[in-house]
Amino acid sequence: MLLSAPKLSISPSSSSSSAAAYSAPLLFPVKKSSIPARNFPSFLHSATSHISLGVPRAASSSSSPSPMIEKETLETHRPHTFLRESDEAAAFSSSSSDSAGSVRARFEKMIRDAQDSVCTAIEAVDNGSKFKEDVWSRPGGGGGISRVLQDGAVWEKAGVNVSVVYGVMPPEAYRAAKPSSDNGDIKPGPIPFFAAGISSVLHPHNPFAPTLHFNYRYFETDAPKDAPGAPRQWWFGGGTDFTPAYIFEEDVKHFHSVQKSACDKFDPSFYPRFKKWCDDYFYIKHRGERRGLGGIFFDDLNDYDQEMLLSFATECANSVIPAYIPIIEKRKDTPYTERNKAWQQLRRGRYVEFNLVYDRGTTFGLKTGGRIESILVSLPLSARWEYDHKPEEGSEEWKLLDACINPKEWL
């Protein structure tokens with residue numbers, strides 16, 4: 001049975017994963033949020049879930065305040081920046097390269113450059129197909145660019161979105177993040193925050209060509225107005241992961257070697273640490289298997305130099321094309337059978353299950369009234385479910401499933 005990806009409203013999962021994260025919903029800003037009981041970053045993930053920044057694992061009662069994020073409006077052209085004028089001015093006037101304005105401006109430039117380069121590479125491979133583009137903004141600052149290519153020659157569906165978001169964090173989130181030893185009797189007021197990111201999912205037609213997901217993001221919070229002197233918080237997150245329907249070991253090794261090379265330029269511990277984090281996060285609990293063959297995944301990174309992490313995120317984003325496009329070029333025209341296509345559709349079904357059941361960005365957007373077309377842009381055009389399907393042991397399909405159940409070290 002071949003079905004269009006379902007539009008279901010599913011409550012956020014209480015996944016036991018330690019990652020406060022997301023997959024790749026490519027959402028537009030949602031109108032409201034509950035306050036997470038867990039940590040600072042989770043709140044901001046949910047408040048900016050349009051850029052695949054996730055949803056809180058646990059939420060407080062519905063009586064909790066909501067973040068104040070203005071509704072977006074569509075624009076007819078791309079502005080040179082989505083930053084507020086004050087941030088743009090700070091970026092140009094600052095003599096310090098690590099000022100808040102400078103980091104915000106440079107991160108926005110990085111994600112917009114990455115969006116352009118990835119879209120250009122995809123269009124070049126797809127024989128002239130072009131992305132449809134939506135540009136949106138908010139009166140108080142912020143906005144984004146959503147690009148989707150659908151029913152192309154190579155890609156069934158490809159989405160590449162960037163977003164810049166300004167919002168306000170309720171005081172409960174600050175107190176949850178800063179325990180009593182720091183807070184004392186302080187009852188801080190609303191805390192302004194900034195978030196920016198790029199998020200993408202690429203689904204090819206050919207079952208021998210893999211799906212790719214990546215996103216990279218940056219967060220900042222300002223000191224609460226009622227708690228002068230409280231430190232500004234910032235952190236980075238992101239990842240790139242690989243979801244084939246069939247294993248070509250040279251392809252998987254190539255993909256992971258590019259991730260490792262990007263990581264090793266900054267810290268040799270990054271690749272093994274972030275590979276395991278990726279394997280652990282993209283776990284379909286009810287199936288007992290991973291969504292794909294992993295990659296790298298990290299979140300809430302702020303225990304390294306800010307400039308180093310900005311460079312690291314840039315390196316990872318710039319590694320998407322060399323990691324993925326050579327594999328697509330090699331596999332996009334491989335002959336395939338109806339059986340191969342049916343297996344790809346079954347694995348696409350797993351992709352749908354993970355995104356709608358476990359992905360915190362997707363489920364939160366569905367529950368709270370986000371822009372449905374942007375929320376579901378990460379889903380494939382079609383997917384398949386068969387009752388009690390089990391691939392024959394030793395088959396190529398079985399080998400893929402075994403690798404998803406038992407993650408391997410590919411390098």
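In terms of modelled atom types and a separation under 3.5 Å, the side chain of R290 and the main chain of D279 share a donor-acceptor contact. With K341 contributing its side chain and H205 its backbone, the two residues share a donor-acceptor pair below 3.5 Å. E289 places no side-chain N or O within 3.5 Å of a backbone atom of A403 that could act as its donor or acceptor partner. With hydrogens and angles disregarded, no donor-acceptor distance shorter than 3.5 Å links the side chain of E123 to the backbone of G128. Judged by distance alone, with hydrogens and angles left aside, the side-chain atoms of E108 form a donor-acceptor pair with the main-chain N or O of F82 at under 3.5 Å. Between the side chain of K157 and the main chain of L379, a donor-acceptor pair closer than 3.5 Å is present. For N206 (side chain) and T334 (main-chain N/O), a donor-acceptor pair under 3.5 Å exists by modelled atom type. When atom types are taken as modelled, the side chain of Q115 and the backbone of I145 share a donor-acceptor pair closer than 3.5 angstrom. Side chain of W385 to backbone of L346: no donor-acceptor contact under 3.5 angstrom is found.
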| query | Between K330 and D251, does a salt bridge (Lys or Arg N to Asp or Glu O under 4.0 Å) hold up when you go through it step by step? | reply | CA-CA 9 Å; K330 189 188 304 183; D251 294 352; 3.4 Å; yes
| request: Apply side chain to side chain contact (heavy atoms under 4.5 Å, CB included) to F107 and T314, showing your working. | output: CA-CA 8 Å; F107 194 86; T314 302; over 6 Å; no
| request: Kindly indicate, with the supporting measurements, whether the criterion ring-ring contact (aromatic ring centres under 6.0 Å, His included) is fulfilled by F242 and H213. | output: CA-CA 7 Å; F242 187 70; H213 155 247; over 10 Å; no
| said: Between E307 and R106, does the salt bridge (Lys or Arg N to Asp or Glu O under 4.0 Å) criterion hold? Intermediate values first, please. | reply: CA-CA 11 Å; E307 287 296 310; R106 285 182 290 149; 2.7 Å; yes
| task | Let me see the working for D116 and R112 under salt bridge (Lys or Arg N to Asp or Glu O under 4.0 Å), right down to the final yes or no. | result | CA-CA 6 Å; D116 288 344; R112 291 184 64 171; over 6 Å; no
| request: Would you sort out whether K332 and D126 count as a salt bridge (Lys or Arg N to Asp or Glu O under 4.0 Å), showing the intermediate values? | output: CA-CA 10 Å; K332 65 184 177 66; D126 210 89; over 6 Å; no
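The number of heavy-atom neighbours closer than 6.0 Å to CD of E409, taken from other residues, nucleotides and ligands shown, is 12 or below. Shown here is K260, whose NZ atom has no more than 12 heavy atoms of other residues, nucleotides or ligands within 6.0 Å.
Side-chain contact check for S200 versus R147: every heavy-atom pair is 4.5 Å or farther apart. Proximity of H254 to I327: side-chain heavy atoms (C-beta onward) are separated by under 4.5 Å at one or more points. With contacts defined as side-chain heavy-atom distances shorter than 4.5 Å, the pair Y216/T240 qualifies. Residues F270 and D267 meet the side-chain proximity criterion, which asks for heavy atoms closer than 4.5 Å. With a 4.5 Å cut-off on side-chain heavy atoms, I198 and N215 do not count as touching. The shortest distance between side-chain heavy atoms of S257 and Q259 does not fall below 4.5 Å. Within the 4.5 Å cutoff, no side-chain heavy atoms of R138 are placed close to those of T73. Residues L293 and P244 form a side-chain contact, since some pair of their non-hydrogen atoms from C-beta on lies under 4.5 Å apart.
How far OG of S319 is from NZ of K265: 6.0 Å, rounded to the nearest 0.5 Å. To the nearest 0.5 Å, the span separating CZ on R273 from SG on C263 amounts to 10.5 Å. Between the CG atom of D241 and the NE2 atom of H256 there is a distance of 9.0 Å, given to the nearest 0.5 Å. One finds the CD atom of Q306 at 6.5 Å from the CD atom of E220 (value rounded to the nearest 0.5 Å). From L202, atom CG reaches atom CD1 of I328 across 8.0 Å, with rounding to the nearest 0.5 Å.
Ring geometry for F208 versus Y246: interplanar angle of 30 to 60°, hence tilted.
For the 3.5 Å distance criterion, the side chains of Y324 and E329 fail to qualify, holding no donor opposite an acceptor. Under the 3.5 Å distance criterion, with hydrogens and angles disregarded, no donor-acceptor pair is assigned to the side chains of S199 and N161. Between S382 and Q345, the side chains place a donor N or O and an acceptor N or O closer than 3.5 Å (distance only, hydrogens not considered). Using modelled atom types, one finds a donor on one side chain and an acceptor on the other under 3.5 Å when comparing N355 with S378. Between the side chains of H286 and E353, at least one donor N or O lies within less than 3.5 Å of an accepting N or O. With no hydrogens or angles considered, no side-chain donor-acceptor pair links S261 and Y271 at under 3.5 Å.
For the pair R291 and Y283, the cation does not sit on the ring face, since its NZ or CZ is not both under 6.0 Å from the ring centre and inside 45° of the axis. Under a cutoff of 6.0 Å and an axis angle of 45°, R104 and Y218 do not form a cation-pi pair.
Taking the ring centroids of F194 and Y166, they lie under the 6.0 Å cut-off. Aromatic pair F282/F354: centroids less than 6.0 angstrom apart.
With F298 as the fixed residue, the ring pair (Phe, Tyr, Trp, His ring centres under 6.0 Å) test singles out one of F236, W277, F312, Y281: F312.
A salt bridge does not link E249 to K399: none of the charged nitrogens lies less than 4.0 Å from a carboxylate oxygen.
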